[in-house]
Amino acid sequence: MVDKIEVGRALSRAMALELLTRIRKGAGDRGEPPVLAVVRSSGDAAASYAASREKAAREAGIRIVSRGLPEGGGAAAAGRFLRELSADPGIGAVLIETPLDAGIEETALRSALDPAKDAEGLSPANYGRLFSARRWREVEEGAFPVPPTALSIAALARACGVELKGLSALVVGRSNSVGKPAAHLLSLLDATVTLAHSKTRDLPLLCSRAELLVACVGKPECIKAAWVKKGAVVIDAGVHAAGGRLVGDVEASAADRAAFMTPVPGGVGPLTTAHLLNNVLMLARGRGGAFA
Ligand SMILES: NC(=O)c1ccc[n+]([C@@H]2O[C@H](COP(=O)([O-])OP(=O)(O)OC[C@H]3O[C@@H](n4cnc5c(N)ncnc54)[C@H](OP(=O)(O)O)[C@@H]3O)[C@@H](O)[C@H]2O)c1
């Protein structure tokens, strides 16, 4: 029997590689490498992701520099810092790591970032453009960056070989950066989307009905294999260190029931990195666009 997890891994790898190869060429054509500033907050939850991001950026010809938010300066100093970074001609794009220190409100901070330097597509202007889109084509051809994890989820759903039109999709998690935009993108791809969250009643029942299940919950293996509909497509964005290994939001044994399932690690993560770097290149070229 074909190992479904290996199929998911190979698909993600191939899609990420194709994108990274294009980025490397695009970055090489520019002469100067595009520079991504990563604004670090106090939390270090994404350490494994940061290491793989830096490796991929190096290979793709993009330079990453680290910038710490001013310590103890509060929201006003953080906003000033973001405006200064936005105005720095040596910085092509900015990524803001979360969680932020207490007292710094994320949307306010993202508002201080120039949308033309917004690597994550989460500044209010770019986010508004995304949610104004009524067709997938507008995202594909649009001149704005799209949140990379959500875009990777949609791209994997699109590439895994199922017809998305009319498909019953469940997205578990409604964060601004992942769940909400993923649900919107899947709806642009004509799936019929339910968006679940921590107040949702009877999640197991909803999962058991979902032909496409997207997990972006942030809790290790909280979606049980037994809840997954037989033959479903499962896309797991979760990544957690547990007992010396990485696990997702869905129990790995769900692959036995699924028709297709992304692995953790090696599924959504590498493609997210590639889409992030693609945003950086597009911004450096002076135009956005998920696939430009
Ligand atoms: N692979 C990648 O590249 C990548 C990138 C980014 C994030 N991630 C991963 O994706 C996952 C989600 O990240 P995030 O930033 O979106 O997390 P987040 O901001 O913490 O959001 C989690 C969401 O899950 C919902 N939720 C929490 N417990 C739930 C439950 N028991 N049942 C149903 N819904 C529940 C929350 O509901 P409420 O809104 O009601 O609180 C919230 O909407 C994490 O595992 C993270 O590590 C992966």
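In each ligand, atom 1 is the first atom listed, and ligand 1 is the first ligand listed. Below, each value reflects all heavy atoms present in this structure, side chains not excepted, and no hydrogens, waters or symmetry copies. We number each residue from 1, following the sequence as shown.
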Proximal ligand 1 atoms for [X], defined as those under 4.0 Å from one of its heavy atoms:
X      : value
Arg174 : 23 (C), 38 (P), 39 (O), 40 (O), 42 (C), 43 (O)
Asp249 : 11 (C), 45 (O)
Gly218 : 11 (C), 12 (C), 44 (C), 45 (O)
His240 : 45 (O)
Lys219 : 27 (C), 28 (N)
Val239 : 45 (O), 47 (O)

Between the candidates Gly173, Ser175, Ala196, Ser198, which shows the shortest non-hydrogen contact distance to atom 40 (O) of ligand 1? Ser198
Which option wins on minimum heavy-atom distance to atom 26 (N) of ligand 1: Val178, Asn176, Val217? Val217
Could you state the interatomic distance from CE (Met15) to NE2 (His275), rounded to the nearest 0.5 Å? 6.0 Å
Separation between CZ of Arg129 and CD of Glu138, rounded to the nearest 0.5 Å: 12.0 Å
Compute whether any side-chain donor of one residue and acceptor of the other, for Ser123 and Asn126, lie under 3.5 angstrom apart. yes
Flag if over 12 foreign heavy atoms under 6.0 Å of CZ, Arg24: yes
Nitrogen or oxygen atoms of Val268 and ligand 1 under 3.5 Å apart: no
Could you tell me whether Glu59 and Lys55 have a side-chain N and a carboxylate O separated by less than 4.0 Å? yes
Heavy-atom distances under 4.0 Å decide this one: backbone, side chain, both or neither, for Val172 against ligand 1? side chain
Where is the tightest heavy-atom contact between Ala77 and Gly73, given as atom of each residue plus distance? CB-O, 3.4 Å
Could you check Leu195, Val214, Ile235 and say which one makes a side chain to side chain contact (heavy atoms under 4.5 Å, CB included) with Leu186? Val214
